Structure formats: C-alpha cells, structure tokens
Amino acid sequence: MPIVETKVFNDTLGKKNVIHLNNAGSSLMPAVVLKAQVDHLNLEAEIGGYEASDREAEKIQAVYTSVATLINCQPSEVAIVENATVGWSMAFYAIPFKPGDRILTAEAEYASNYLAYLQIAKEKGVSIDIIPSGENGILDLAALEHMIDHRVKLISITHVPTNSGLVNPIAEIGEIARKHDILYLVDACQSAGQIPLDVEKINCDILSATARKYLRGPRGVGFLYVKSSVIETLHPPMIDLFSADWVSENEYVLRKDARRFENWENNYAAKIGMGAAIDYALDIGLENIEARITELADYFRSQLRLIDGVFVHTHCPVQCGIISFALDGLEAETVKERLKADGINVSVTTPFSTLIDATRRQLPNMVRVSVHYFNDKDELDRVLDLLRKIAK
Ligand SMILES: Cc1ncc(COP(=O)(O)O)c(C=O)c1O
C-alpha cells in the first residue's frame, strides 16, 4: 500500500504532541504496535506470564516469519534478542579468530562494534584495518579489493552510520566478500525500517538490527540474522538451557538454528511489538517508505544548506533520512535544547559514536535530525524557520 498520509498520521499518536525528528534514536510507535504490547502485558497480568506466552505461541512464532519476510531469509535463520548490540555481539564474539587474522571495516564504524574489534585485537592478536572512503564518504570498493589477502577473516560494515545520511554499498561489498569467500557481517541497525534489506542480494552471512529506530518498534528488542550454512560454524559466546541441550554430565548439544544466539527469558510483549512494527512497515512497503524518507530528507538537507553558518555533514550522492549538521558558534546541545523547547525532538551525535570518521573529517558535536515517513513538509518548515532564527 502506498503511503496514505491521513492513516499514517492518525496511527502515530505522538505526532499530536511533538515534531519527532529523532527516529535514528528511537521512533514513535504506531498505535497497533503499542496495542499489541499492551494486550500481551494485560494477558500476562490476567493469566500469568508463562501461560500468556503458551497461549500466544503462534503469534510469537510469527514474529520470526515477519523478520524473515523483512530481510528475505528463513525464520530458522533469525534470533530475537534484546537489542542490535546483543545480536551483533553474539555473532561477532562467536567467530573463531586466531592470531594474525584481519578484520576489515569502514571509516564510519559504530563505537560499540569498534570497541569489540579492539577487545578481540588485544585478546587474540587480530588486526583491524580500515577500508578508506572516497571524498564523498562512501567506502572505496577498489581499495577494499586491494586490501584483501588470505588473512582477512571478516568484513564488517555498518550500512548506515549513526552520525550521518551515508549509505554504504553493502551489496557491492557483499559481492567482493563472496568472491573471496570471506565472512561478511552487516550492522543494519539504522537502515532496517528505512531501506529495503534483502540478505540474498546483500550476500551477507550475518546481519543485526534493532526494533526501536526506523522500524518503529519497542525499545529493548532487536534481531540477528545468521545464514543457515554459517550457523553451525559459530559457537555463541554465552549459552544457556535454551540455546543448548544438556545431555550428560560432560556434554551439551547446541541448537542447530539461529536461536542458539538467544537465551531463555525474554520480553514477550516487546517481541510481539516488534512483529507488529515489522508487519506495519511491510504493509506500507519498504520501497514506499524509502522513497518518502528520501524526499523529505533531501528537502530538509537542501534548505538547511541555504542557511548561513550551517555546516551539513556528508555530501555523498546517496543519502538516507539522517541529516547531521553544526551551527557556527553554537553548541549542538544548545540547539537541541532550543528545538526541544518548541516541541521538536532531535538528537546530538558526538565524535565518540564514530571516532574514526569524526577524527578524519574533524567533525564536532553535531545536531542529528532523522526524518521518517510520518513526518511532513510543514513540520520540516517549522524546524527550518526556527533554525534560521537560531543561526542569526
Ligand atoms: C549504527 C548502529 N549500530 C548499532 C547500534 C546499537 O543499537 P542498540 O542500541 O539497539 O544495541 C546503533 C545505535 O544507535 C547504531 O546507530
């Protein structure tokens, strides 16, 4: 279904209260997503938590199918976890690195991922190599090809970084990873819900995402995809009685599906909420969502560039819903607070979130505006007017 503004606006309860431009932080849930969770919480209160998950077993299983439909994989290749970091880490720390192995990653890599590389580098004698980006910020594919040798164990890329609208060419990177038979991990935390994702086309082995951002789901839940042929080569860093069967005093047997990366207890209301959010996005269509976000973000970016004293980060030709910028002589936090006082939600991105990119490009703290399809041009014009006043 194409985007029907009135329906989408009415479904977004928070739109009455705020101009929400912090969708890269945590978006506004559609009413059905909220209801799906509240219904399950009510059921837990009425009949008991275990009894509620038993009764809703089919609905809970259907969440795996929803994720699988979203990214074009099998439900058995999906684990549902607490957030993107848990999903990413459960897979990353399962990789059997040995001394001398290399990890190739991109400049705008997310802090938590890079911290994990540093830990493994220290513990296992692995090296981290940064694939350079061209002037426009996009990863340089020729440089990547050039860097590959037999020691490269992993190519690990963030699709859309947390600090800008940059969209890395993950399918082209995937082709290179396949050609050289190298394990390929994609952090799709900021792209899931705003850009169509197809793991077959991306050619990735592992992909992680979270519910609360562009998917418009609840906080505290996310998912991990692991390709079927790779699952059994990865031993989760932490196991429990759900991910493994305890078969004798000295033996256990791991699950054969991706749920070996889950553990027993989880927040079923949030899980069901994520399923409802994915179904809502699928109903609208990810192509429609992407087109509308691109239109709104391009408009905002182009108007922003006309304001004196505004520096807009990222000039790459393909950009998504995230726009980061700085205003001359004003702290990003001050701008955020000024906007907040007018009922406008934005966030601040600091160099610490993407240190390599920020250092190379000498980026300051920046205001991050992240638009979604439920935003509209009137809202953006109000924000732009205010920014013109603030910038004076
Ligand atoms: C690119 C990227 N990856 C990973 C994460 C971590 O996601 P989560 O907080 O759900 O673990 C974020 C969060 O902002 C992110 O922007």
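The model shown is predicted, which means the values in this text are computed figures rather than measured ones. Heads up: numbering here begins at 1 and tracks the sequence. Numbering of ligands and ligand atoms starts at 1, following listing order.
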Next item on the list: With Arg255 as the cation and Phe242 as the aromatic partner, state whether NZ or CZ is under 6.0 Å from the six-membered ring centre and within 45° of the axis.
Entry: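 Yes.
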
Notebook entry, point to check: After noting the C-alpha distance and the side-chain angles of Asp198 and Asn72, does the key distance pass the side-chain hydrogen bond (donor to acceptor under 3.5 Å, both in side chains) rule?
Noted result: CA-CA 5 Å; Asp198 178 332; Asn72 186 29; 3.0 Å; yes

Margin query: With a 4.0 Å heavy-atom cut-off, what residues sit around ligand 1?
Written below: Asn83, Ala84, Thr85, Tyr110, Thr158, Val160, Thr162, Asp187, Cys189, Gln190, Thr210, Arg212, Lys213

Next item on the list: Answer yes if the side chains of Ser248 and Glu251 hold a donor-acceptor pair under 3.5 Å, and no otherwise.
Entry: yes

Check: Do the side-chain N and O atoms of Asn163 and Ser353 include a donor-acceptor pair separated by under 3.5 angstrom?
Finding: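 Distance-only check fails for Asn163 and Ser353.
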
Notebook entry, point to check: Among Thr233, Leu207, Asp205, Leu183, which residue meets the side-chain contact (heavy atoms from CB on, under 4.5 Å) test with Lys227?
Noted result: Asp205

Margin query: Would you call the rings of Phe97 and Phe92 parallel, tilted or perpendicular, taking 30° and 60° as the class edges?
Written below: tilted

